[in-house]
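Notes follow the structure.
By convention in this document, chain letters (A, B, ...) are assigned in the order of the sequence lines, proteins followed by strands, and residues within each chain are numbered from 1.
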There are 2 protein chains.
Amino acid sequence: MDTIDVRFPTSRHRDGSDAMNPFPDYSAAYVVLRTSAGAEGHGFVFTVGRGTEIEVAAMRSLAGMVIGQPVEELLADPGALARRLIGDSQIRWLGPEKGVVHMAAGGIVNAVWDLAARRAGKPLWKLLADLTPEQLVAQIDFRYLRDALTEDDALGLLRAGAAGRAQREEHLLRHGYPAYTTTPGWLGYDDEKLARLCGEAVTAGYELIKLKVGGDLADDVRRMGIARQAVGPDIRIAVDANQIWGVPDAIEWMRQLSSFDPYWIEEPTSPDDILGHAAVRRALAPIKVATGEHVHNAVMFKQLLQAGAVDIVQIDACRVGGVNENLAILLLAAKFGVPVCPHAGGVGLCELVQHLAMFDYVAVSGSTEDRAIEYVDHLHEHFVDPVRIRAGRYLAPTAPGMSAQIVPESLAAFQFPDGPEWAATADEPVSTAA
Amino acid sequence: MDTIDVRFPTSRHRDGSDAMNPFPDYSAAYVVLRTSAGAEGHGFVFTVGRGTEIEVAAMRSLAGMVIGQPVEELLADPGALARRLIGDSQIRWLGPEKGVVHMAAGGIVNAVWDLAARRAGKPLWKLLADLTPEQLVAQIDFRYLRDALTEDDALGLLRAGAAGRAQREEHLLRHGYPAYTTTPGWLGYDDEKLARLCGEAVTAGYELIKLKVGGDLADDVRRMGIARQAVGPDIRIAVDANQIWGVPDAIEWMRQLSSFDPYWIEEPTSPDDILGHAAVRRALAPIKVATGEHVHNAVMFKQLLQAGAVDIVQIDACRVGGVNENLAILLLAAKFGVPVCPHAGGVGLCELVQHLAMFDYVAVSGSTEDRAIEYVDHLHEHFVDPVRIRAGRYLAPTAPGMSAQIVPESLAAFQFPDGPEWAATADEPVSTAA
């Protein structure tokens, strides 16, 4: 197992700037598993710069639970590894099931799935869709979920999802999966760039775009006006506050934007505030409430659904304990009948999470209605198997694996702090703390 | 700023064994702040063995925000530092406000308060109690709390708490603060040891003892019978499942123990499951529900209170973002009229948290009724200013500071992995993963 701290200096151009993350350097705590026969599995935890070294340290601390394990055993049951990594009785104290150690476990678990899919010669979405309901259910830890989702519930959902699967797979391969774009809406962009990018998004075929809000109310009113003008009345505009508000502020601020018909408000407040999201949703309906990129485990998603706190579940490939926990979250969302619109962007999040959304379509929810995967046009050139977008849709990946591999040249160039892209700028500060 | 990974090999005797933590090695990610004038502030994050190196790495990553700061400025407003540490726009991605990075921030913030109290020549509880309501409120981040606790609410509570403060302080100094003991109840102890320690606890003056449960139902029934027999009907017996159950299991298992009149069930399920705790509480009343040692921030405590999920708030000195966030949690508990019974034990948790409970008594809740600080008789000999227990009560510390300092000889002996206590046993495994 190798770990690499790789950082892209995105803060130099304020790509990715929002109310809570004014100067992110999109980064990854990257992991490569190598078998003695020379096969590889790649995975990573997405980060935004400082602190990536902590995530790498956590991965190294977990390495002893992976290194030396028989490969066939590992690949036959990644869920057993996930339980060991997440349940270690000492490391668990540092979570449990949250933050640095949980994401590190998820990164390793994802690398095992990447290896399993490569070995099987299938893209991950297809590998998952080809598992039986019983095999999928065995991959999930139900300990804290049974008051909302039992093994039997999950089996029932998956068996129901089998009907029409072949047609959906064919449809997916032919037409792809809907995307929405956040490219126009970063806070750091000026009005002219915002209007131009909104227009381009519509031309490119997107039916949903997203704007960052929460910096300054007058700015937000003006920017929403520009965007609505640029896209017309029929394109959905979601807005994203990135947790900047408390509950009362969220309600008040969003009421000032309601005349522009926002489709959803994303992360209106702390991602931990389940009851707060429920209050915001009640106050702002019919504006939808979305969250998930910082929702740290399936127990939290369970409660967001139980409390009626969300209209949109935004899974993230790198926040929770890997593919296994995301299977649980997809099934929870299906049980409650809430659509999943994955969080993506950053570096590599689009590449990873498309597999989970496509599996959801083929084998669980069976629908793409009111569903779309976030798309941001950043940093895809660094991937061996980058996402492919056509007419506002993700084309289904066909290469074996989870599309997680960064090209070796990029890993070398952007390795922090010694790669040439960083060493060359060592004298100038490349990012500023908020 | 110096950081030290210090671990005590408690797993060798199964002290501290519970259903989720069968073999803990009580440890600390320890931090010492030194001013250029030679003053020191000590703090730490309590851990249970493996992974302490990750917590130390996180503290080192945050060090740049503390080192070189003007000391007077830092001590005049530790809340400003807490906001910087917790709010760093890049490191925040790894939480936010949870897990490894949040606890690291809390350890550093606590060290600043230790330094401030030493500088003032007061124990921390007294330093805090002598601050004005306005000064205390300025130390709290209300961003995500205002739907339950506003600045005005907090001022009102603190102003009301001023009445009778002098008498309470005198009472505290004379009589101390109630303790309860977990010493008898570890899962690794046999029945004879359990009975003997229960009897000794009553003789020593404790009115509440705690037993670990959740390993095996028949064992729990037998152990509860032994304990109830040993302490008689008038001593309260709390039980602690350390998160081992899902919601339905918790309800069913506890019903089997209800004939022994358990006072509270602690951590019946995932610490993240607010709605789960509420369901358990509704099903098991009048058995009380307690949680907190793994509740990762004030937003979670806010919801536990809003949802009517807890009867007992168990603050922990090392889980959240330091003294400042614990001030918020004490005020939330007071606003909802729920008693605080701090979590302690481990290594040094008793030493730290007594200051917060005593401050709560003197300046916030004004009461010790139905309140007690957990006490476990482990590892106090390693502290410069260890807790003092008399007749089942904590005596108020009088030495300046937060009682956080470990004696230099212990730091050196138990430093991991190079201290002599560990290097000598390098060939034999000292702990086993669950």
Please look at B/His102 and chain A and tell me whether the side chain, the backbone, both or neither of the residue comes under 4.5 angstrom of a heavy atom of that chain.
-> neither

Sort out for me which of A/Arg84, A/Glu53, A/Met65 touches chain B most, counting heavy-atom pairs under 4.5 Å.
-> A/Glu53

If you tally heavy-atom pairs under 4.5 Å between each of A/Gly99, A/Ala57, A/Ala58 and chain B, the highest tally belongs to A/Ala58

Rounding to 0.5 Å, atoms CE (B/Met103) and CG (B/Asn297) come to a distance of 12.0 Å

Is it the backbone or the side chain of A/Gln303 that comes under 4.5 Å from a heavy atom of chain B, or both, or neither?
-> both

Under 4.5 Å heavy-atom distance to chain A, tell me which part of B/Ala307 shows up: side chain, backbone, both or neither.
-> both

Face-on cation placement of A/Arg146 at B/Trp245 ring, 6.0 Å and 45° thresholds = no

Which atoms of B/Leu62 come close to chain A, meaning under 4.5 Å heavy atom to heavy atom: side chain ones, backbone ones, both, or neither?
-> neither

Selection from B/Lys302, B/Lys98, B/Met300, B/Glu293 maximising heavy-atom pairs under 4.5 Å formed with chain A | B/Lys98

Of B/Asp272, B/Val299, B/Leu145, the largest count of non-hydrogen pairs under 4.5 angstrom with chain A goes to B/Asp272

Name the region of B/Pro96, side chain, backbone, both or neither, that has any atom closer than 4.5 Å to a heavy atom of chain A.
-> both

If you draw a 6.0 Å radius around CD in A/Glu252, do more than 12 non-hydrogen atoms from other residues or ligands fall strictly inside?
-> no

Determine, for B/Trp93 and A/Arg319, whether the Lys NZ or Arg CZ falls below 6.0 Å from the six-membered ring centre while staying within 45 degrees of the axis.
-> yes

At what distance, to the nearest 0.5 angstrom, does CD1 of A/Ile86 lie from CD of A/Glu97?
-> 6.0 Å

Judged by atom type as modelled, is there a donor-acceptor pair below 3.5 Å linking the side chain of B/Thr10 to the main-chain atoms of B/Tyr26?
-> yes

Output for pair (A/Gln314 CD, A/His343 NE2), nearest 0.5 Å, gives 7.5 Å

Between B/Phe142 and chain A, which part of the residue has a heavy atom less than 4.5 Å away: side chain, backbone, both or neither?
-> neither

Out of A/Thr47, A/Ile274, A/Thr269, A/Val45, which one racks up the most heavy-atom pairs below 4.5 Å with chain B?
-> A/Ile274

Best-contacting candidate, A/Asp273, A/Thr52, A/Val101, against chain B by heavy atom pairs under 4.5 angstrom = A/Asp273

For the side chain of B/Asp249 and the backbone of B/Gly246, is there at least one donor-acceptor N/O pair under 3.5 Å apart?
-> yes

Under the 3.5 angstrom rule, does the side chain of B/Tyr144 hit a backbone N or O of A/Gln243 as a donor-acceptor pair?
-> yes

Per-residue contact mode, B/Ile244 against chain A (heavy atom under 4.5 angstrom) = both

Heavy-atom pairs under 4.5 Å with chain B, option from A/Glu55, A/Arg92, A/Arg60, A/Gln306 with the top count = A/Arg92

